[in-house]
Amino acid sequence: PKNLADFYSRFGQVKLLGQVDATGIALDEMGKAISNTCMLGAIAKVTGWVEFDSVKSSLNMHFEGNILEGNCRSAQRGYESITITPFDRG
């Protein structure tokens with residue numbers, strides 16, 4: 001949809017919309033359309049439930065080498081590039 005507010009308005013009590021090109025970031029950083037670590041970074045930023053350092057620590061527990069580096073960059077970019085738009089159904 002061209003306007004995310006129009007798309008999400010049918011879901012009820014949406015207060016904020018977040019946008020991040022997670023697939024594009026994953027393709028840039030890892031060469032594959034696996035967007036989960038980018039989204040993890042974005043969710044950490046939006047919710048504040050976890051510190052970004054905790055996200056990186058968890059990645060260190062599961063990956064190593066180039067895969068770890070790509071996942072860390074992807075999560076960092078998700079954290080930094082998510083845009084939040086207030087949404088008021090008016």
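Atom set for the values below is all heavy atoms of this structure, side chains included, hydrogens, waters and symmetry mates excluded.
- In this structure, G18 and I84 approach most closely via the heavy-atom pair CA-CD1, 4.0 Å.
- Nearest approach of H62 to S58, heavy atoms of both residues: CD2-O, 2.9 Å.
- In this structure, OG1 on T37 lies 13.5 Å from NZ on K56, to the nearest 0.5 angstrom.
- Connection of F52 to V46 is not established within any shared hydrophobic cluster, with ILVMFWY side chains joined at heavy-atom distances below 4.5 Å, either directly or through further cluster members.
- We find the CG-CZ distance between L59 and R73 to be 12.0 Å, quoted to the nearest 0.5 Å.
- Note that CG of D28 is 11.0 Å distant from OG1 of T23, once rounded to the nearest 0.5 Å.
- Residues A33 and L27 come closest through the heavy atom pair N-CD2, 3.5 Å.
- When hydrophobic clusters are built by joining Ile, Leu, Val, Met, Phe, Trp and Tyr residues whose side-chain heavy atoms come closer than 4.5 Å, directly or via intermediates, V50 is grouped together with L40.
- Under the 4.5 Å side-chain heavy-atom criterion for grouping Ile, Leu, Val, Met, Phe, Trp and Tyr, I25 is not connected to Y79 through any hydrophobic cluster.
- Judged purely by atom type and a 3.5 angstrom limit, S74 has no side-chain atom pairing as donor or acceptor with the backbone of G70.
- Atom CD of Q76 sits about 10.5 Å away from atom SG of C38, to the nearest 0.5 Å.
- Distance check, rounded to the nearest 0.5 Å: CG of N60 to CG of L68 gives 5.0 Å.
- The number of heavy atoms from other shown groups lying within 6.0 Å of CD1 (I67) does not exceed 12.
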